Asks: 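Take this structure, written in structure tokens, and hold onto it; I'll ask about it next.
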2 protein chains.
Amino acid sequence: MTGLREYLDGPHKAARDVVRDGLASHASLLDAGLRLSRDEYRDQVLATLKEIAAEGHPSRGFPKEYGGQGDLGGFIAGFETLAYGDLSLMVKAGVQFGLFAGAILHLGTERHHERYLSDALTGDLLGCFAMTETGHGSNVQALETTATYDAETGEFVVHTPTPSARKDYIGNAARHGTLAAVFAQLVVGGQTHGVHCLLVPIRSGDGEPLPGVTISDCGPKLGLNGVDNGRIVFDQVRVPREAMLDRYAQVDADGTYRSEIENPDRRFFTMLGTLVQGRVSVGGAAINASKVALTIAIRYADGRRQFGAPGSAEEALLLDYRMHQRRLLPLLARTYALHFAQAELVDEFARIFGHDETDAVRGRTGDTADGENGRVGPGEHDRRALEAQAAGTKALGTWHATETIQMCREACGGAGYLSENRLSALKADTDVFTTFEGDNTVLLQLVAKGLLTDYRESFGKLDPLGTARFIAGQAVEIAVEKTALRTLVERLRDVVPNRSDSADPDAGLRDDDYHSGLLQFREQHMLAGVARRLRAGIDAGDEAFEVFNRCQDHVIAAGRAHVERVVLEAFQHAVRDAPEGEVRDRLKELYDLHALSTIESDRAWFMEHGRLSGPRSKAITALVNELCGRIRSYATDLVDAFGVPGAAVEVPMVVRSQHE
Amino acid sequence: MTGLREYLDGPHKAARDVVRDGLASHASLLDAGLRLSRDEYRDQVLATLKEIAAEGHPSRGFPKEYGGQGDLGGFIAGFETLAYGDLSLMVKAGVQFGLFAGAILHLGTERHHERYLSDALTGDLLGCFAMTETGHGSNVQALETTATYDAETGEFVVHTPTPSARKDYIGNAARHGTLAAVFAQLVVGGQTHGVHCLLVPIRSGDGEPLPGVTISDCGPKLGLNGVDNGRIVFDQVRVPREAMLDRYAQVDADGTYRSEIENPDRRFFTMLGTLVQGRVSVGGAAINASKVALTIAIRYADGRRQFGAPGSAEEALLLDYRMHQRRLLPLLARTYALHFAQAELVDEFARIFGHDETDAVRGRTGDTADGENGRVGPGEHDRRALEAQAAGTKALGTWHATETIQMCREACGGAGYLSENRLSALKADTDVFTTFEGDNTVLLQLVAKGLLTDYRESFGKLDPLGTARFIAGQAVEIAVEKTALRTLVERLRDVVPNRSDSADPDAGLRDDDYHSGLLQFREQHMLAGVARRLRAGIDAGDEAFEVFNRCQDHVIAAGRAHVERVVLEAFQHAVRDAPEGEVRDRLKELYDLHALSTIESDRAWFMEHGRLSGPRSKAITALVNELCGRIRSYATDLVDAFGVPGAAVEVPMVVRSQHE
């Protein structure tokens, strides 16, 4: 379909093509995990990492002052494209250029940038992002590692006080990393100031751990075995005062702690907020891994025959079976939807963090006095919205990848289980995406919390408890909000009339406003319900944690409902802006499939809440089937438009099925 | 909970305990796949296979005449228990003792039994079950390999005529097997008689392929890398006439083909029916693999803390979070339901195939003349019911394993991704279960077809097309059936009144009859709908394949609805028969959770069909939440009752979480 691939690639086509070319020339990495020992595989991934660094991929994302191109959007688009190849390479690149170099860039100051950035971008300096501890995954504020300032020597002493404080799952740690960005509780003059980040050398040039540093290997994993995840224990390791990444807080030589952000929670979340790039990247990578799997499974289904019509000389193509269409095509439609949502997210990310990053940060750190009371400036608001959008897209994108790749594997039967056909690596490698860079359930809570607090600019905490506590303190505003929501719900009730159902169950089923009206109604209704339940619990004097926990499933559903609405609308924008003609017409048909299968999958909720009648619900299912049948005829065009390099998808079963 | 484990183990406790003890003494196999090269791992699996053979596990399932114990139920229960250990061992045992030795036992005659069975049971004779071909997975009737009788020499010539006829995914082929049970189109005197099975030597004693036999390795797989799956190509390989497994058909020396079963389709499905044991076994193994994963994830969640209540010194246990309960406990309840359904299936299997197998087979092969017209004797009917039940339990049990193990992995976060914590192996190894021993979607079609044809005893074909063709020929009976169904549906409408909803949405929600009434209504309504749609399509003169394909999703939904009803009722029986007191009370509570979450997950359908009101549907969700909260307090007792050997579940993250 002429023009579709160009439209999908969008403004970052060049960045994507550079990585596509790179992957094509490093195609031998695709089966390295099968051919090599684990250590050899890791070394091969590292060698390729340095080669793609030399080809310029990472520098694209960094400021021009440090040899970069300042093109953040292109950098993310290129990173996503790495998911068309070996996923260990993608993750290793994410650790090195995104997390490690990103921490130096965002949390450090010029001194750190000058000293480390260019070496980090070439891969000459390999680093770790040592945040997670054995006992502390989602709850980063509870990290136990300490960095205690010793004013006598002007050094920080980094220490692992308990077994649960051990740094764990740290990429680049087991074999290659020499410098670690370590997150630790900062203790100055006997006072704890919360989690801060310091650069701690962990390995000498010859690869041996430095004194006081104990490194072990996390060992084999379900997938991503080309990444050397490890564990780090610090025994009173001393680093100079300058090792602290001091953009948001500083410790003077005499042991005076200073920060522009007085509120410790706020400081913590400001620092953490700079890590949004990791979530943006993982979500995009997951969506792209789904594209690879769908390309394989749909091409296979368009060549493989089994059973068939009586009297026919040939068996029927798998893709001609309704059930096969039903299993694969709504997932294909959702992949498109997520692609467009991700593209909007990357644009927004580049806008906020991009060419004018300093201002964006000032928007956060420099806002007025009432910022400390919860009111924030416009830069702050944009960033928080971006964090929520990144969290939501990451959660839905990674769950989508798990579901899609699983379905593709099953749709390819035993052949899909063989490593040579690559679905097994896609499945194993992407599986952890749903829980790393933020556990998806925690992320959806974060989204919901953002929505609940949006009308009253303020800081809560990332953790569920914080939400409840925050809500407890805001009872009045919730009452206000309830009224506002009720009005909105009433208004939507008019947009989405139940009445019309009985007259003609099919009427308007392909109307964009109908789809977004339903999804808006659900989102607002769920949010209002959560607010009401939280309020009622607090009013009844119940314990905040218990109040929150009782409606945790409701909170998460509300978060998901919001993200689904945003994703749907991104697809609407993409159809609207598509080139007129075949591209737009087919995208509209695919959009309809996405919208209707999204509504179908939660049709129980819409019926429970009087937004769908039984007959109309059945009409939606029938229309989903019909759309699957129509889209089937150009399904291979839709996957070809992803532009996955041949080596990644021309696997033996696909090649063979085309000749059967 | 005293007595629960004994109750779960049931009559085959001894057989299960033998395997439990064996697994405990071979616990080093659990991480062999991580320590060893692929070939070493395969050899280690083989060595352990021979040791468990020496301990008597396989002989339990074979007739006393050949050194066995004739205890089929215990054999299957023991096999299922193998899923508590390394799953490559379980699958290799299934190939060797179930498929290979089973083919000899069921398809061969005394000559074959005498010559091969005892060596097969000790593992001295290692064999393959060479059915699947590269081009033919589900559609076994379309196999292309030929076995042509040469009356001159009294030999069969086994040959692979095309690339798609290559035997593929064959366990034991790549490294260890010396004799293969090969399924091939039998050609005698120029006439093809359909698929039959012959024993073909493929490897010499020194491990080299025999002349004319080309063997290759399927290479690495997502999981089960301790099983040596391979590909076999035959180039005019000659075997003596006696190599044919001739229980159901014989070829005389002079080239006369004889069979007691005249109809070729019927003969084929009779032979295939003997393979039901494979499906019974895989379903049970999948259910048991789910138990291992749940034991790990629930114990972890009862020790691991993250976030928590304000002001509390400790963070909260994961299992105290509603969402965590919601994710794990309905799956635990369904695991119990499937356990009891599987136990009923194994009983039925042992009854039909057990101590009196010869009679059971006679029931099939010896029925009266109208058997050829579709009417069959009682033995036949039992077997077909068993095949459907096995197909359905296998489909639901294996999908359940995939879903449950995935959920357990996510619920354990990054720790769940590390191989040392075993969920990764469970995930990777069980993944293929949904598509081997019958693709699940094809199996559910088989179930539905059985139900559609049940009232009119007859043979259709396994393939979807066959169903449509059969239905096309049976239009009158469908009309009859429709009336019968309508009556049943009316009757059920009274049992499951919609009316009562508005009065009290909670009334009777924990009533067994209400649950089974709803599930019966759904099943019968779906079946009637499918029959009506097939009939309408045929009446309109549409092509049979097209008619079938248009409602394939509906057919599969009907099959699933049937199996879910059977599983639900098995749990009802198990509660009824449980020891009075704590065991029965808690099983009843767990049963309620299973019943209500099953209804909840398809509540859209019940609302669409007027069986649930919105308020009642919401009341079900609320009750599911409440039950999760109650069952949480004894959830670890429920997993401990599975009796998974310690080495399989006391993984590092679980041990650590108990000390955090």
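What you see is a predicted model, and the numbers here were worked out from it, not measured in a lab. Note on naming: letters A, B, ... go to the chains in the order of the sequence lines (proteins, then strands), and numbering restarts at 1 for each one. Atoms considered below: every heavy atom in the structure, side chains included; atoms not considered: hydrogens, waters and symmetry mates.
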Asks: With a 4.5 angstrom heavy-atom cut-off, which part of A/L423 approaches chain B: side chain, backbone, both or neither?
Replies: neither

Asks: Donor-acceptor check, side chain of B/R656 to backbone of A/S164, threshold 3.5 angstrom: yes or no?
Replies: no

Asks: Considering non-hydrogen atoms only, spot the tightest contact between B/A316 and A/F545 and give its length.
Replies: CB-CZ, 3.7 Å

Asks: Using only atom types and a distance under 3.5 Å, with no angle test, would you say the side chain of A/Y417 pairs donor to acceptor with the backbone of B/T435?
Replies: no

Asks: Give, for atom CG of A/L318 and atom OG of B/S138, the distance between the pair rounded to the nearest 0.5 Å.
Replies: 8.5 Å

Asks: Checking A/Q325 against chain B: side chain, backbone, both or neither under 4.5 Å from a heavy atom?
Replies: neither

Asks: Output the option from A/S424, A/A428, A/C412, A/P163 having the highest count of non-hydrogen pairs under 4.5 Å with chain B.
Replies: A/S424

Asks: If I measure from the heavy atoms of chain B, does A/T402 come under 4.5 Å with its side chain, its backbone, both, or neither?
Replies: side chain

Asks: With a 4.5 angstrom heavy-atom cut-off, which part of A/Q406 approaches chain B: side chain, backbone, both or neither?
Replies: side chain

Asks: Go through the side-chain N and O atoms of A/E410 and B/N440 and say whether any donor and acceptor fall under 3.5 Å apart.
Replies: no

Asks: Please state whether the side chain, the backbone, both or neither of A/A142 comes within less than 4.5 Å of a heavy atom of chain B.
Replies: side chain

Asks: Which region of B/E315, side chain (C-beta onward) or backbone (N, CA, C, O), has a non-hydrogen atom less than 4.5 Å from a non-hydrogen atom of chain A, or is it both or neither?
Replies: side chain

Asks: Decide side chain to side chain contact (heavy atoms under 4.5 Å, CB included) for B/H324 and A/Q552; before the verdict, give the C-alpha distance in whole Å, the side-chain angles of both, and the deciding distance to 0.1 Å.
Replies: CA-CA 10 Å; B/H324 219 79; A/Q552 190 190 19; over 6 Å; no

Asks: What's the shortest heavy-atom distance between A/I556 and B/M323, and which atoms?
Replies: CD1-CG, 3.5 Å

Asks: Name all residues meeting the salt bridge (charged side-chain N to carboxylate O under 4.0 Å, His left out) criterion together with A/R422; count only those two or more places apart in sequence or in a different chain, and write none if there are none.
Replies: none

Asks: So if I apply the salt bridge (Lys or Arg N to Asp or Glu O under 4.0 Å) rule between B/E608 and each of A/K618, A/R616, A/R603, which one comes out positive?
Replies: A/R603

Asks: Please rank B/S37, B/A415, B/G629 by heavy-atom pairs under 4.5 Å with chain A and give me the top one.
Replies: B/A415

Asks: Against chain B, label A/S617 side chain, backbone, both or neither, depending on which of its atoms sit under 4.5 Å from a heavy atom there.
Replies: both

Asks: Are the side chains of A/T134 and B/M653 in touch, meaning some heavy atoms are under 4.5 Å apart?
Replies: no

Asks: Report which part of A/L418 has an atom under 4.5 Å of a heavy atom belonging to chain B: side chain, backbone, both, or neither.
Replies: both

Asks: Hey, is the main chain of B/G135 close enough, under 3.5 Å, to the side chain of A/Q306 for a donor-acceptor pair?
Replies: yes

Asks: A/R550 vs B/N625, test: side chain to side chain contact (heavy atoms under 4.5 Å, CB included). Steps then yes/no.
Replies: CA-CA 9 Å; A/R550 272 204 302 261; B/N625 281 342; over 6 Å; no

Asks: Donor-acceptor pair, distance only, cut-off 3.5 Å: does the side chain of A/N549 make one with the backbone of B/R322?
Replies: yes

Asks: Looking at A/G416, A/A425, A/G219, A/G137, which one has more heavy-atom pairs under 4.5 Å with chain B than the rest?
Replies: A/G137

Asks: Check whether A/N229 gets within reach of chain B through its side chain, its backbone, both or neither, counting any heavy atom under 4.5 Å.
Replies: neither

Asks: Taking all atoms of both residues into account, what is the closest heavy-atom pair of A/T441 and B/R327, and its distance?
Replies: CG2-NH1, 3.6 Å

Asks: Which heavy atom in A/R326 sits nearest to a heavy atom in B/D553, and how many Å separate them?
Replies: NE-OD2, 4.4 Å

Asks: Looking at B/T434, B/D320, B/D431, which one has more heavy-atom pairs under 4.5 Å with chain A than the rest?
Replies: B/D431

Asks: Given heavy-atom pairs under 4.5 angstrom as the criterion, report whether the side chain, backbone, both or neither of B/D439 touches chain A.
Replies: side chain

Asks: Please find out if less than 6.0 Å separates the ring center of B/F548 from that of A/Y321.
Replies: no

